[in-house]
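To keep things clear, I will list the structure first and then write my remarks on it.
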Amino acid sequence: MSYEEYSKYTQYLPRIFQKGNTQTDDTYFLGRFLKAFEQILAGGTERQETFGIEELVDRFDKYLDPALAPPQFLQWLAGWVALELEDAAEFYGTEDKEQKDSLPTQLLPLEQTRSTINRDMISAIVQLYKKRGTCNGLLEYLQLYAGDETTISIDEFQETSRIGNSREIGRNTMVGSSSPCFFSVNAIIPAHSRSMLNNKVALMRRVIESEKPFYANYKLNVEIPSMRIGIYSKVGRDTLVGGMIED
């Protein structure tokens with residue numbers, strides 16, 4: 001927007017205040033005076049392009065969209081749905097983390113949608129709350145945080161010794177005694193480093209502890225895949241070439 005000496009808001013004034021455009025006219029001061037209000041409301045200055053309040057209000061719906069909201073607004077949106085976001089770059093995403101830490105003076109919505117773990121969690125958490133306390137809800141919650149590369153399954157043991165129809169030892173039936181209301185979470189994590197594995201396991205335990213019914217007991221089984229034809233074969237998803245590095 002190019003800079004103009006007079007505010008265009010003068011055209012909305014009574015006609016008597018619109019006459020004259022020179023510095024010798026009484027309306028000169030009024031035109032310059034209204035220019036400050038125009039820059040705040042409509043945006044645009046003689047030095048740089050800026051967005052005014054009018055355009056920001058027009059875009060307000062994008063601030064409420066997790067896929068388009070500025071990174072600095074994600075924590076605010078998460079507070080609306082009682083969600084605590086993870087602050088690591090793995091969850092914010094590289095772009096969001098850099099923009100969030102740079103703290104720009106004017107926060108604008110994104111021009112294109114962006115998908116990160118934190119953004120996806122904000123979008124899905126309300127529907128997940130409806131499944132809270134269920135195996136399906138916990139499975140979806142863990143899968144969002146762990147990422148698509150991690151394979152997760154949950155086995156719920158309702159019987160400890162009875163064997164009959166639809167009973168499979170090791171999945172929904174145990175031989176011997178166990179804790180009441182017991183289930184197991186099985187995760188295949190293609191972690192390339194020990195620190196990455198420890199972080200994911202700690203996060204999964206935190207999610208399970210916060211989302212499971214307080215009376216339920218569980219066991220987290222973690223498996224690190226290696227190259228085994230016919231068992232693990234998708235490199236980068238369920239197979240690691242070269243194994244895990246210690247860091």
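The number of heavy-atom neighbours closer than 6.0 Å to OH of Tyr129, taken from other residues, nucleotides and ligands shown, is above 12.
Remark: Ile152 CD1 to Asn221 CG distance equals 12.5 Å, nearest 0.5 Å. Interatomic distance, Arg205 CZ to Leu220 CG, rounded to the nearest 0.5 Å: 4.5 Å.
Residues Asn118 and Asp96 bring no donor and acceptor atom of their side chains to less than 3.5 Å of each other. A side-chain donor from one of Tyr218 and Glu209 sits under 3.5 Å from a side-chain acceptor of the other.
With Arg119 contributing its side chain and Pro66 its backbone, the two residues share a donor-acceptor pair below 3.5 Å.
Leu108 and Leu68 sit in two unconnected hydrophobic clusters of ILVMFWY residues. Membership requires side-chain heavy atoms under 4.5 Å apart, directly or through other members.
A cation-pi contact, defined as under 6.0 Å to the ring centre and within 45° of the axis, is absent between Lys219 and Phe182.
For the pair Ile154 and Asn186, the minimum side-chain heavy-atom distance is 4.5 Å or more. Phe73 places none of its side-chain heavy atoms less than 4.5 Å from the side chain of Asp65. Residues Met121 and Tyr145 form a side-chain contact, since some pair of their non-hydrogen atoms from C-beta on lies under 4.5 Å apart. Counting heavy atoms from C-beta outward, Ile122 and Trp80 have side chains that stay 4.5 Å or more apart. Side-chain contact between Thr150 and Ile188 is absent, with no heavy atoms from C-beta onward closer than 4.5 Å.
For residues 137-147, the set of pairs meeting the salt bridge (charged side-chain N to carboxylate O under 4.0 Å, His left out) definition, not counting sequence neighbours, comprises Lys131-Glu140.
Taking the charged nitrogens against the carboxylate oxygens, Glu90 and Lys97 have no contact shorter than 4.0 Å, which rules out a salt bridge. A salt bridge does not link Arg206 with Glu84: none of the charged nitrogens is closer than 4.0 Å to a carboxylate oxygen. Ion pairing of Lys62 with Glu111 is absent here, as no side-chain N (NZ or NE/NH1/NH2) approaches a carboxylate O to less than 4.0 Å.
Of all heavy-atom pairs spanning Gly93 and Thr116, the tightest one is CA-CG2, 4.1 Å. Minimum interatomic distance between Pro71 and Tyr92 (heavy atoms only, all atoms of both residues): O-CE2, 4.1 Å. Contact record, Ile117 with Leu144: CG2-O, 3.6 Å, taken as the closest heavy-atom pair. Residues Leu128 and Gly137 share a closest heavy-atom pair of CD2-O, 4.0 Å.
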message = Does Leu110 form a side chain to side chain contact (heavy atoms under 4.5 Å, CB included) with Gln99? I'd like the steps, not just the answer.
response = CA-CA 11 Å; Leu110 304 180; Gln99 293 177 14; 4.3 Å; yes

